[in-house]
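In each ligand, atom 1 is the first atom listed, and ligand 1 is the first ligand listed.
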Amino acid sequence: MHTKAMTFSRHILEEAKVQQDMTAELSSLLMQMGYVGKILSREIARAPLKGRLGLVGETNPTGDAQKKLDVYTNDIMVEAFSETGPVAGLVSEELEELKILSLGREAKYILCTDPLDGSSNTDINAPIGTIFGIYRCSGNNHRELEQNLLNERMKQIAAGYVLYGASTMLVYTCGHGVYGFTLDCDLGEFLLVHENISCPARGHYCSANLGRYHEWSSDIQNFIAHLTVHDPSTRRPYSLRYTGALVADFHRSLLEGGVYFYPPDADHKNGKLRFLYECAPLAFVVEQAGGCASTGTQRLLDLKVELLHQRAPFVIGSTEEVALYEKFLTGGT
Ligand code: AHG
Ligand code: MN
Ligand code: MN
């Protein structure tokens, strides 16, 4: 075994001994997220057998056609965190509004989630994910909680994702490094495999939907032209890797180095990805691993958002590639 027998739950308990901000409430919230990861992993694997593939026939708050699994995974998330105490409110890609889950004394956090990321992959057995960001928030009602979240976003104190791939992995940070756990399905436990993940300063992978190439600005087209020059001394050309699931593509950049980006295009004037539950959680993870996330012109986590489902132009990965992308965008090259 290469896991040091460190389960996700035990890891959280060990962190709680040394990290002041790992409160009892946050520990219990994160452990519940581990439970959700196991349930979703099981249900996603069974979905073809249970008739849970394909479309519902409705659209979500940002206009995407909903898959049955989008709705099902969102329902599981809501149920798992309802009345469990620490989660005051839930913001989900699949819910129009912030949903109040608890207003008790322990309810100190808002959970922002993309329950199923990469849903175009569900019907072809390709990787998908779940993204979560946990924000410390106060408020006694819906309006106060939402205002607190939007006005003081920087209170994100933990974040991570679950990747349903060849195996299921949970990657998380609570602001003290990034840790990756692989699900042992027989044991029903996430076990530590990647300790203190460090994103390489440079990589040679590039992930973006090149089908949109002609809709991108000339700066971004020039960036692509630069990456695809044949120059072995600088390890170019970069290799293209794009699964259509942000979690899966980001995970590659996190572990092996490289860059993922989703800039504005004809259909998405402000980029496609949503700040609170897609960009910001992964930005927190990558920064904790020594990498970078940006809009192309500013640090992603410095962006001020006004709407729950606000989108943002997004570039994330190794520091050198993100810096280079920014340089192309700001006319530095
Ligand atoms: P979601 O399935 O949660 O709507 O997210 C899809 C996102 C992201 O996972 C992926 O990288 C990107 O959208 C794919 O979009 P394109 O098909 O436009 O490339
Ligand atoms: Mn998504
Ligand atoms: Mn989604």
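- For an aromatic pair to be called close, the ring centres must be under 6.0 Å apart, and Phe250 with Tyr260 fails this.
- For Glu278 (side chain) and Asp114 (main-chain N/O), no donor-acceptor pair under 3.5 Å exists by modelled atom type.
- Taking each heavy atom of Gly89 and Leu98 in turn, the nearest pair found is CA-CD2, 4.1 Å.
- Checked by atom type, the side-chain pair Glu15/Tyr179 shows no donor-acceptor distance below 3.5 Å.
- Closest to atom 9 (O) of ligand 1 among all protein heavy atoms lies Asp117 OD1, 2.7 Å.
- Nearest heavy-atom pair across Glu97 and Leu308 is C-CD1, 4.0 Å.
- Note on ring orientation: taking the six-membered ring where Trp is involved, the planes of His251 and His194 are perpendicular (angle over 60°, cut-offs 30° and 60°).
- Below 30°, between 30° and 60°, or above 60°: for Tyr325 and Phe261 the angle between ring planes is between 30° and 60°, a tilted geometry.
- Nearest heavy-atom pair, Ala5 versus Leu191, reported as atom, atom and distance to 0.1 Å: C-CD2, 4.5 Å.
- In this structure, Thr62 has no heavy atom closer than 4.0 Å to ligand 1.
- In this structure, a donor-acceptor pair under 3.5 Å is absent between the side chains of Ser207 and Arg252.
- Of the protein's heavy atoms, Lys272 NZ, 2.8 Å lies nearest to atom 15 (O) of ligand 1.
- Looking at Tyr260 against ligand 1, only its side chain comes within 4.0 Å, counting heavy atoms.
- Of the options Glu278, Glu94, Arg274, the smallest heavy-atom separation from atom 4 (O) of ligand 1 is shown by Arg274.
- In terms of protein heavy-atom proximity, atom 10 (C) of ligand 1 is closest to Gly244 O, 3.3 Å.
- At a heavy-atom cutoff of 4.0 Å, ligand 1 is contacted by the side chain of Asp114 but not by its backbone.
- In terms of N/O distances under 3.5 Å, ligand 1 is approached by Gly118.
- Each of the following atoms of ligand 1 lies closer than 4.0 Å to a heavy atom of Leu246: 8 (C), 9 (O), 10 (C), 11 (O).
- Of all protein heavy atoms, the one lying nearest to atom 18 (O) of ligand 1 is Tyr262 OH, 2.5 Å.
- For Arg212, the heavy-atom gap to ligand 1 stays at 4.0 angstrom or more.
- The OH atom of Tyr135 lies 14.5 Å from the CG atom of Leu145; values are rounded to the nearest 0.5 Å.
- Note that Arg241 lies outside the cation-pi zone of Tyr205, set by a 6.0 Å cut-off to the ring centre and a 45° limit from the axis.
- Residue-level proximity to ligand 1 for Leu273 is carried by the side chain, the only part with a heavy atom below 4.0 angstrom.
- Residue-level proximity to ligand 1 for Asp64 is carried by the side chain, the only part with a heavy atom below 4.0 angstrom.
- More than 12 non-hydrogen atoms from other residues, nucleotides or ligands lie less than 6.0 angstrom from OH of Tyr242.
- Looking only at side-chain heavy atoms (C-beta outward), Gln310 and Leu276 stay at 4.5 Å or farther from each other.
- Of all the heavy atoms of Asn209, the ones lying under 4.0 Å from any atom of ligand 1 belong exclusively to the side chain.
- At a cut-off of 2.8 Å, measuring from the Mn ion (ligand 2), the protein N, O or S atoms that fall short of it are Asp114 OD2, Asp117 OD1, Glu278 OE2, waters left aside.
- Using a 4.0 Å cut-off between charged nitrogen and carboxylate oxygen, Arg212 and Asp267 count as a salt-bridge pair.
- The ligand atoms of ligand 1 that sit less than 4.0 angstrom from a heavy atom of Leu116 are 2 (O), 3 (O).
- No N or O atom of Ser120 sits closer than 3.5 Å to an N or O atom of ligand 1.
- Contacts between Ser119 and ligand 1, counted as non-hydrogen atom pairs separated by less than 4.0 Å, involve both the backbone and the side chain.
- Residue contact check for ligand 1: Ala245 places a non-hydrogen atom closer than 4.0 Å to it.
- Between Glu25 and the choices Lys108, Arg136, Arg105, the salt bridge (Lys or Arg N to Asp or Glu O under 4.0 Å) rule is met once, by Lys108.
- Here's the thing with Asp249: none of its N/O atoms is less than 3.5 angstrom from an N/O atom of ligand 1.
- The six-membered or imidazole ring of Phe181 lies away from that of Phe190, with a centre-to-centre distance of 6.0 Å or more.
- Nearest protein heavy-atom contact of atom 19 (O) of ligand 1 is Tyr242 OH, 2.5 Å.
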